[in-house]
J.: 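Got a structure for you, written out below as structure tokens; questions coming shortly.
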Amino acid sequence: MRISLLVNGTEQVLRVPPLRSLLKILREDLGLTGTKEGCGEGECGACAVFLDGMLVNSCLVPAFQLHGREVVTIEGLGSKENPDPLQNAFLEEGAVQCGFCTPGLILASRALLNETPRPNREEIRAGLSGSLCRCTGYERVVAAVEKCAAGSPEEAMRGFGARRANGSRSDGPPLPCDGESPRVLFPRSIDEALRMLADADVPPTLFAGGTDLMVPGSGEAVPECVLNILDIPDLRGIFEREDLLEIRAGTSMDAVAKNVVVRECFPALAEAALSFGAPAIRNRATIGGNLAGASTAADSPPALLVLGASVVLESVRGARTIPLEEFIASYRKTVLAGDELLTKILVPFRTGREEVERYRNFQFFRKVGSRSALTISRVTVAASLDTDAEGRIVHARIAVGSAAPTVRLLERTGRFLLGRTADAAARREACFRAAEEVAPRSTPEYKRWVVEQLLGDFLEHLPGGPRCDEGGVEDR
């Protein structure tokens, strides 16, 4: 595949295999070894670069998505004569030791300061959550970011790569080469993608952010054909309709986490999106991909299940809308037909009833993993409950992830809570029923215990929970 891209301000024309990672292109083809290769699967952050001004892990970006794009590496951030203020701050604060993770840490810090010039310590730690470092203990890294942020606005922010990625290319798709594998298709609209799916002899592999498919050993064989859906504008965006929120399937998890309506009306979904990976991962991963992967450890399905979401599946034969609980058929399997594309996620607002003003809605999402950030869930619990003026529960949906072969609604537990207040007796019984309702495939005693603890914590704080306008978890 012949691609042309701008790397640190210099145009590069390359002939590379379609699935060759940006990391290998930088290090092996262009000799830019400042970008380090650590885990190779998006966990360590050592390979972080800017792609059209957006922080990404270069190990997860395939060559076929680079044509016409702009890349900035650590070599392009500053020079010996004119270093980036962050580079100076890292040196002055002793935030550089072995140096292996330092390029990724500096670029992640630059991404944070470009978006939030005066971050607090919590925001700094969140911004750097995708970078692992064994030497510094992170404290000096945080101090370096604080030092740079305390300087002039010009030092805190640097305007490069301002052409932020929007999924579009200015000069068409890359040129294919004879005999290359896999064959890559580049639809520019949903209709064109549906026609390609309908005409394919073998269903092509759908490829958007690639944060799952580009991971070595993910279980996916090298596909014969790839359908690149990342560049379809109509697959991106969040739109408020009269009675629901429409989230296009190609919308990034970062966009979901930061959307004002999502944060105000669906805080469980906002928290799920925010818990997804780290900034460089959320910038690429899409909500549709998270659902279509049908993993029991996926972050967004439990939140979307308790919110009563449905999905829209389209093909040249037409469109169908089905509840999310019917979309996920089994572990890693959905009901998507070979010629269908997941295009929208529909999340209903908690409105439409005459007595709606009499109810308060509380939402909850909690993920337990091996560490606090960038972790695959061991157990996830989400819930959405309505209470009346007396504190009785009139609507309850509870879901768990990583505690059964698929993400699961705890329907019996939800029915038990109806008409009850969340007193101590009801909480104990609900937690017991929830633990009995899950079916973990591994460490069952531990996972049942975690489900009990998480649900119990939510229910314990339910009666006195703050209202939405007080910064709590209440829906509007």
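Along the sequence shown, residues are numbered consecutively beginning with 1.
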J.: Between Ser252 and Asn283, is there a side-chain donor-acceptor contact under 3.5 Å, judged purely by atom types and distance?
T.: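 On atom types as modelled, these side chains do not qualify, holding no pair under 3.5 Å.
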
J.: For atom CZ of Arg183, decide whether the heavy atoms of other residues, nucleotides or ligands shown that lie under 6.0 angstrom number more than 12.
T.: no

J.: Consider side chain to side chain contact (heavy atoms under 4.5 Å, CB included). Of Pro203, Pro187, Pro204, which one does Leu197 pass it with?
T.: Pro204

J.: Without swapping roles, check the side chain of Asn57 against the backbone of Leu60 for a donor-acceptor pair under 3.5 Å.
T.: no

J.: Do Arg188 and Asp231 sit within salt-bridge range, that is, some charged N less than 4.0 Å from a carboxylate O?
T.: no

J.: Arg125: which residues meet the salt bridge (Lys or Arg N to Asp or Glu O under 4.0 Å) condition with it, sequence neighbours left out?
T.: Glu139

J.: Under 3.5 Å, side chain of Thr251 to main-chain N/O of Arg248, donor-acceptor pair present?
T.: yes

J.: Measure from the side-chain N and O atoms of Ser275 to the backbone N and O of Ala272, and report whether any donor-acceptor pair falls under 3.5 Å.
T.: yes

J.: Could you tell me whether the side chain of Asn290 and the main chain of Ala285 form a donor-acceptor pair under 3.5 Å?
T.: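 Here the side-chain-to-backbone pair does not exist.
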
J.: Between Ala108 and Leu55, what is the shortest heavy-atom contact and its length?
T.: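 In terms of heavy atoms, the two residues are closest at CA-CD2, 3.8 Å.
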
J.: Under a 4.0 Å threshold between the charged nitrogen and the carboxylate oxygen, would Lys258 count as salt-bridged to Glu115?
T.: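 Judged by the 4.0 Å cut-off on N to carboxylate O distance, Glu115 and Lys258 do form a salt bridge.
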
J.: Does atom CZ of Arg121 have more than 12 heavy-atom neighbours, drawn from other residues, nucleotides or ligands, at distances under 6.0 Å?
T.: yes

J.: Where do Glu340 and Ser315 come nearest, in terms of heavy atoms and distance?
T.: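 That closest heavy-atom pairing would be CG-CB, 3.9 Å.
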
J.: Looking only at side chains, do Ser402 and Thr296 share a donor and an acceptor under 3.5 Å apart?
T.: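 Side-chain D/A pair, Ser402 to Thr296: absent.
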
J.: Hydrogens and angles aside, do Glu11 and Ser4 bring a side-chain donor and acceptor to less than 3.5 Å of each other?
T.: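 Checked: Glu11/Ser4 side chains pair up, N/O donor to acceptor below 3.5 Å.
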
J.: Quiz question: by atom type and distance under 3.5 Å, do the side chains of Glu314 and Thr343 form a donor-acceptor pair?
T.: yes

J.: Using a strict 4.0 Å threshold on nitrogen-to-oxygen distance, state whether Glu92 and Lys147 make a salt bridge.
T.: yes

J.: Does the pair Glu325/Arg397 count as a salt bridge with the N-to-O cut at 4.0 Å?
T.: yes

J.: Between Val368 and Val450, what is the shortest heavy-atom contact and its length?
T.: CG2-CG1, 4.0 Å

J.: Hey, is the main chain of Ala294 close enough, under 3.5 Å, to the side chain of Tyr331 for a donor-acceptor pair?
T.: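 No: the side chain of Tyr331 does not pair with the backbone of Ala294.
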
J.: Quick check: does any side chain N or O of Arg195 sit under 3.5 Å from a backbone N or O of Val316, one acting as donor and the other as acceptor?
T.: no

J.: Any side-chain donor-acceptor pair under 3.5 Å between Gln65 and Arg284?
T.: yes

J.: Between Arg27 (side chain only) and Thr33 (backbone N and O only), is there a donor and an acceptor less than 3.5 Å apart?
T.: yes

J.: Looking at Arg15, Arg20, Lys24, which hits side chain to side chain donor-acceptor pair (under 3.5 Å) with Asp29?
T.: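 With Asp29 as partner, Arg15, Arg20, Lys24 yield a single side chain to side chain donor-acceptor pair (under 3.5 Å), made by Arg20.
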
J.: Ignoring hydrogens and geometry beyond distance, is a side-chain donor-acceptor pair present between Asn114 and Arg110 at under 3.5 Å?
T.: yes

J.: Looking at every non-hydrogen atom in both residues, tell me the closest pair between Pro62 and Pro18 and how far apart they are.
T.: CB-O, 3.8 Å

J.: Kindly confirm or rule out a cation-pi arrangement of Arg140 over Phe90, judged by NZ or CZ under 6.0 Å from the six-membered ring centre and within 45° of its axis?
T.: no

J.: Within a reach of under 6.0 Å around CD1 of Ile376, are more than 12 heavy atoms found that belong to other residues, nucleotides or ligands?
T.: no

